[in-house]
Colleague: 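One structure, as structure tokens, below. Some questions next.
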Amino acid sequence: MSEKTISNNPASVIYQRCTVDLATGTTTFAQVPCKNLEDVLGGFGRSFQILAERDIAEAYCPENPVILNTGLLTGTSIMTGMRSYFSGYSPLKQSGTGRPGAMWSTGSGNFGNKFKWTGLDEVIFENRSERPVYALLKEGANGPEVELKPADHLVGLTGHAKIMALYQEYPEAHFAAIGPAGENWQNNYMGAVVMSTDNELKSGEPKSRFAGRGGMGSLMGYKNLLAVVALSSDKLQKITPEIRDVNRDILKSGGSARFQPASQGGGGGTWANIEVLQVFHAVPLNNFRPKGNDDVERLFRDEVEKEFDIATEACHRCGIRCHNNLFYKNEDGSRGKLAAKFDFEPLILFGSNLGVHEPAKVCDLIHRCDLLGMDAISLGTTISYVLDYNERHPDKPLFNGATFGDYDKIAELIEGAGRGTLPGIARGVKRLSEETGETAYAMHVKGLELPAYLPDTNPGYMFAIAGGHMSMGTHMMLAKEGKHSLEEWTQAITTGGLLQVGYDMIGLCKFVGVGIGHDIIVRALKEAAGLEIASEDIVAAVRRAYLRGLALELRQGFHEEKEYTLPSQVMNDPNPKVTLPKFITNEFLGELRQRVWGIFKPEMKGLLPVQGE
């Protein structure tokens with residue numbers, strides 16, 4: 001990426017693209033001038049503009065690309081600057097007309113850095129290979145090089161095993177791979193991209209990161225692209241006094257500080273949310289239906305510590321130690337083998353929401369999902385629907401008849417989904433609930449399963465463009481800020497909430513914890529990328545990128561009333577056990593939609609190219 005000052009001339013910034021034709025094995029390189037500030041910032045802000053140029057009626061077609069790119073700060077020394085993005089039309093996110101929704105998914109680890117250091121900013125994988133391949137991206141003497149290589153030896157391996165096999169051949173590289181779920185793309189629409197970490201490569205333990213949402217791993221599987229190898233020397237950016245100050249301010253910001261270990265005054269990662277929400281009995285239990293009891297408290301950190309050795313760790317070169325790896329304890333009390341990565345999302349969706357409260361069993365379920373390479377949110381939420389259905393219909397249960405708390409049968413469901421033998425689960429809860437005819441308690445919005453926050457507390461889910469809390473930052477507003485009026489929620493959705501997506505443009509993790517227009521971001525772009533961009537211009541570009549995503553949804557047939565809604569159980573059968581205000585009614589949502597669309601629709605005009613031009 002060119003290091004130039006930018007004002008009203010985004011074309012002065014050039015990025016390096018490689019287009020790979022998987023059908024022929026040919027590669028084409030191009031230096032691409034940026035069209036607008038969204039292009040400059042990168043990530044989905046750029047890839048959605050590429051997707052907008054395509055008329056895609058079904059996800060599994062040669063014309064649907066897999067776009068791999070980075071953000072402007074990926075590969076820099078700004079803390080958390082290591083994100084890479086996988087984009088395409090999702091096999092999972094589907095409108096009522098049957099057309100797929102545009103989607104991106106992102107992950108950390110050191111893969112994004114290595115990818116950026118090859119000299120590439122973006123790779124577009126076109127068409128489909130007839131045989132399994134992996135892509136080798138590497139820095140060459142005269143610039144980046146890209147080669148497709150046979151991947152028959154990787155077929156059938158877990159995502160972690162693929163990574164370790166490739167590591168033996170490329171010890172200086174990092175990797176993005178799919179697991180069995182992605183390979184079984186016909187029957188599994190929730191395959192994730194499994195990304196390597198330094199800790200994983202050095203220890204041999206499956207400590208991967210995941211670009212999970214929306215089935216980008218399944219789209220790779222359809223294309224017979226089993227992995228991507230990013231091979232480059234380390235090009236660590238010098239930490240100048242200015243970059244040091246930015247990183248210090250990131251660590252000291254209130255947003256990131258709350259993710260620090262409890263021993264350092266933080267909440268111990270997202271795990272802390274379980275205690276915040278349990279005060280209101282608002283932790284998902286038995287398919288997002290809290291019972292007002294204390295069962296979930298068996299998964300509180302102090303309870304889990306009695307059984308496991310907990311290591312609070314960070315991603316590569318990051319001071320925000322946000323995630324927790326659980327290890328079994330040996331008989332002598334020393335640390336044993338890795339059990340699972342145990343944070344709020346997976347521990348709830350494979351724990352209390354399935355009626356499983358024993359930490360060891362929850363660890364095993366998470367571990368199975370990760371090795372098979374599936375999105376934990378989509379899988380856990382779909383299985384919770386199955387258990388709920390079976391409890392309601394004991395005389396005609398689905399699949400193996402599993403019910404809440406039935407650990408052994410739940411494990412069977414995970415294995416079957418990941419191995420492609422249970423498409424009813426692995427194609428997601430939207431399709432399954434439409435087949436059963438019972439959609440009221442199917443926890444999804446626009447075909448994307450809900451994360452571990454009650455829809456009863458968050459009408460912002462309706463306008464998220466990449467699934468729940470990752471693309472509409474409203475999930476804790478009721479519990480933490482008490483927001484429940486139309487005016488508050490209209491403002492939350494149309495101003496601050498949508499800016500959550502900005503981090504998925506610039507290459508930083510959302511755990512930086514400040515607003516995308518914050519002075520820290522302005523300084524980071526200037527010091528690490530050499531670009532002076534005013535905060536109001538950053539905010540405007542992020543808003544355009546979000547609205548372009550929303551416009552793409554409408555163009556793909558998502559109905560602006562019927563599909564921009566919540567599971568009907570929320571409105572028609574409010575849960576009396578949750579002690580937060582019950583404000584979401586059909587009338588409330590109708591008025592909220594009217595107000596939000598009244599603000600968004602005029603701004604969406606002209607953001608998409610006219611089809612056929």
Side-chain angles (χ1 to χ4, degrees), residues 1-6 9-22 24-51 53 65-78 81-88 104 106 110-127 134-149 170 172-176 193 195 211 225 228-237 504-508 525 528-531 533 541 545:
M1 190 74 72
S2 302
E3 291 189 1
K4 297 181 180 179
T5 301
I6 181 172
N9 185 23
S12 65
V13 178
I14 308 295
Y15 66 92
Q16 180 74 52
R17 172 192 289 169
C18 178
T19 302
V20 180
D21 188 331
L22 292 167
T24 63
T26 57
T27 58
T28 305
F29 292 86
Q31 290 193 325
V32 184
C34 292
K35 300 185 297 293
N36 48 37
L37 191 51
E38 297 93 289
D39 262 357
V40 173
L41 296 178
F44 93 94
R46 185 187 305 146
S47 58
F48 267 32
Q49 295 186 76
I50 298 168
L51 294 176
E53 296 171 352
V66 168
I67 302 170
L68 165 61
N69 63 18
T70 57
L72 186 55
L73 293 177
T74 303
T76 70
S77 287
I78 298 297
M82 63 190 77
R83 308 282 274 182
S84 52
Y85 308 95
F86 293 81
S87 303
W104 81 90
T106 179
N110 211 2
F111 173 80
N113 290 338
K114 286 286 191 177
F115 170 42
K116 190 72 165 278
W117 294 338
T118 65
L120 291 165
D121 296 294
E122 183 169 84
V123 179
I124 302 177
F125 294 100
E126 301 278 14
N127 298 317
Y134 68 88
L136 173 61
L137 320 177
K138 62 181 179 180
E139 61 173 334
N142 299 309
E145 300 174 1
V146 177
E147 182 181 359
L148 296 180
K149 289 181 168 287
Y170 305 102
E172 301 301 319
H174 268 270
F175 313 92
V193 182
M195 305 170 73
L225 179 64
V228 181
V229 177
L231 176 61
S232 67
S233 58
D234 289 347
K235 297 180 174 62
L236 299 176
Q237 186 181 40
D504 286 346
M505 296 168 66
I506 62 174
L508 299 188
L525 293 172
L531 299 180
I533 309 175

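For reference, positions follow the sequence shown, starting with 1.
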Colleague: Drop me the distance from Thr26's OG1 to Asp21's CG, to the nearest 0.5 angstrom.
Modeller: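 Going from the OG1 atom of Thr26 to the CG atom of Asp21 covers 4.5 Å.
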Colleague: Go through Leu120 and Phe115 one step at a time and tell me if the side chain to side chain contact (heavy atoms under 4.5 Å, CB included) criterion holds.
Modeller: CA-CA 7 Å; Leu120 291 165; Phe115 170 42; 3.7 Å; yes
Colleague: Name all residues meeting the ring-ring contact (aromatic ring centres under 6.0 Å, His included) criterion together with Phe125; count only those two or more places apart in sequence or in a different chain, and write none if there are none.
Modeller: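 Phe125 satisfies ring-ring contact (aromatic ring centres under 6.0 Å, His included) with no residue once adjacent residues are dropped.
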Colleague: Passes side chain to side chain contact (heavy atoms under 4.5 Å, CB included), Ile14 versus Val32? Steps please.
Modeller: CA-CA 5 Å; Ile14 308 295; Val32 184; 5.7 Å; no
Colleague: Quick one, Leu136 and Val146 - any side-chain contact, counting heavy atoms below 4.5 Å?
Modeller: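 Counting from C-beta outward, Leu136 and Val146 never come under 4.5 Å.
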Colleague: Given 3.5 Å as the limit, does a donor-acceptor pair link the side chain of Asp121 with the main chain of Gln16, or not?
Modeller: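 Yes, because the side chain of Asp121 sits within donor-acceptor range (under 3.5 Å) of the backbone of Gln16.
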Colleague: Output every pair passing salt bridge (Lys or Arg N to Asp or Glu O under 4.0 Å) with a member in residues 24-38, not counting sequence neighbours, ordered by first then second residue.
Modeller: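 Every pair satisfying salt bridge (Lys or Arg N to Asp or Glu O under 4.0 Å) with a residue in residues 24-38: Lys35-Asp39, Glu38-Arg544, Glu38-Arg548.
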Colleague: I'd like to check Pro10 versus Val13 (side-chain heavy atoms, cut-off strictly below 4.5 Å). Are they in contact?
Modeller: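 They are not in contact (no side-chain heavy atoms under 4.5 Å apart), so the answer is no.
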Colleague: Compare all side-chain heavy atoms of Phe86 with those of Asn69 and state whether any distance is below 4.5 angstrom.
Modeller: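 The answer is no; the side chains never approach within 4.5 Å.
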Colleague: Output all residues satisfying side chain to side chain contact (heavy atoms under 4.5 Å, CB included) with Thr106, sequence neighbours left out; order by chain, then residue number.
Modeller: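 Partners of Thr106 under the side chain to side chain contact (heavy atoms under 4.5 Å, CB included) test: Arg83, Tyr85, Asp504.
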Colleague: Closest approach of Gly25 and Leu148, non-hydrogen atoms and distance?
Modeller: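 Heavy atoms of Gly25 and Leu148 come nearest at CA-CD1, 3.8 Å.
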Colleague: Is NZ or CZ of Arg17 both nearer than 6.0 Å to the six-membered ring centre of Phe29 and within 45° of the ring axis?
Modeller: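 Ring-cation test returns no.
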Colleague: Working to the nearest 0.5 angstrom, can you tell me the gap between Leu22 CG and Leu225 CG?
Modeller: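 Rounded to the nearest 0.5 Å, the CG-CG separation comes out at 6.0 Å.
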Colleague: Under the ring-ring contact (aromatic ring centres under 6.0 Å, His included) test, which residues partner Phe175, sequence neighbours left out?
Modeller: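 Per chain and number, Phe175 pairs via ring-ring contact (aromatic ring centres under 6.0 Å, His included) with no residue.
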Colleague: To the nearest 0.5 Å, how far apart are CD1 in Ile124 and OG1 in Thr19?
Modeller: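 Atom-to-atom, Ile124:CD1 and Thr19:OG1 are 4.5 Å apart.
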Colleague: List in chain and number order the residues that pass salt bridge (charged side-chain N to carboxylate O under 4.0 Å, His left out) with Glu147, two or more places apart in sequence or in another chain; answer none if no residue qualifies.
Modeller: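 Glu147: salt bridge (charged side-chain N to carboxylate O under 4.0 Å, His left out) contacts with Lys149.
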Colleague: OG1 of Thr76 to CD1 of Ile506: how many Å apart, nearest 0.5 Å?
Modeller: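 If I round to the nearest 0.5 Å, the distance is 9.5 Å.
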Colleague: Quick one: are Cys18 and Leu137 in side-chain contact, heavy atoms under 4.5 Å?
Modeller: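 Answer no - side chains too far apart.
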Colleague: Measure the CD-NZ distance between Glu172 and Lys138 for me, rounded to the nearest 0.5 Å.
Modeller: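 Here the rounded value is 14.0 Å.
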Colleague: Please find out if less than 6.0 Å separates the ring center of Phe48 from that of Trp104.
Modeller: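 Judged by ring-centre distance (under 6.0 Å), Phe48 and Trp104 do meet the cut-off.
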Colleague: So do Gln49 and Phe44 actually touch side chain to side chain, heavy atoms under 4.5 Å?
Modeller: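 In short, these two side chains do not touch, never coming nearer than 4.5 Å.
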Colleague: Would you say that Tyr15 contacts Arg46 through its side chain, given a criterion of any heavy-atom pair below 4.5 Å between the two side chains?
Modeller: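 With C-beta onward as the side chain, the pair touches.
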Colleague: For residues Val123 and Val20, determine if any side-chain heavy atom of one lies less than 4.5 Å from a side-chain heavy atom of the other.
Modeller: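 Yes, their side chains come closer than 4.5 Å.
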Colleague: Applying side chain to side chain contact (heavy atoms under 4.5 Å, CB included), can you list everything that pairs with Ser233, at least two apart in sequence or on another chain?
Modeller: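 Result, side chain to side chain contact (heavy atoms under 4.5 Å, CB included) vs Ser233: Glu139, Lys235.
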Colleague: Taking all heavy atoms of Thr118 and all of Pro144, pick out the closest pair and write down the distance.
Modeller: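 Smallest heavy-atom distance, with atoms named: O-CB, 3.3 Å.
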Colleague: Atom CD of Glu122 and atom CG of Leu68: how far apart are they, to the nearest 0.5 Å?
Modeller: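 Those atoms lie 8.5 Å apart.
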Colleague: Check whether any side-chain heavy atom of Ile50 sits under 4.5 Å from a side-chain heavy atom of Ile67, and report yes or no.
Modeller: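 Yes, at least one pair of side-chain atoms sits under 4.5 Å.
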Colleague: Tell me, please, which residues at least two apart from Thr74 pass side chain to side chain contact (heavy atoms under 4.5 Å, CB included).
Modeller: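 With neighbours one apart ignored, the set is Thr70, Asn113, Lys116.
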Colleague: How would you list, by chain and number, every residue that makes a side chain to side chain contact (heavy atoms under 4.5 Å, CB included) with Asp234, sequence neighbours excluded?
Modeller: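 Listed in chain order: Lys114, Trp117, Leu236.
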Colleague: With Ser84, which residues qualify under side chain to side chain donor-acceptor pair (under 3.5 Å), at least two apart?
Modeller: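 Per chain and number, Ser84 pairs via side chain to side chain donor-acceptor pair (under 3.5 Å) with no residue.
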Colleague: Only counting residues at least two apart or in another chain, list the ones meeting salt bridge (charged side-chain N to carboxylate O under 4.0 Å, His left out) with Glu126.
Modeller: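 Expected list: Arg54.
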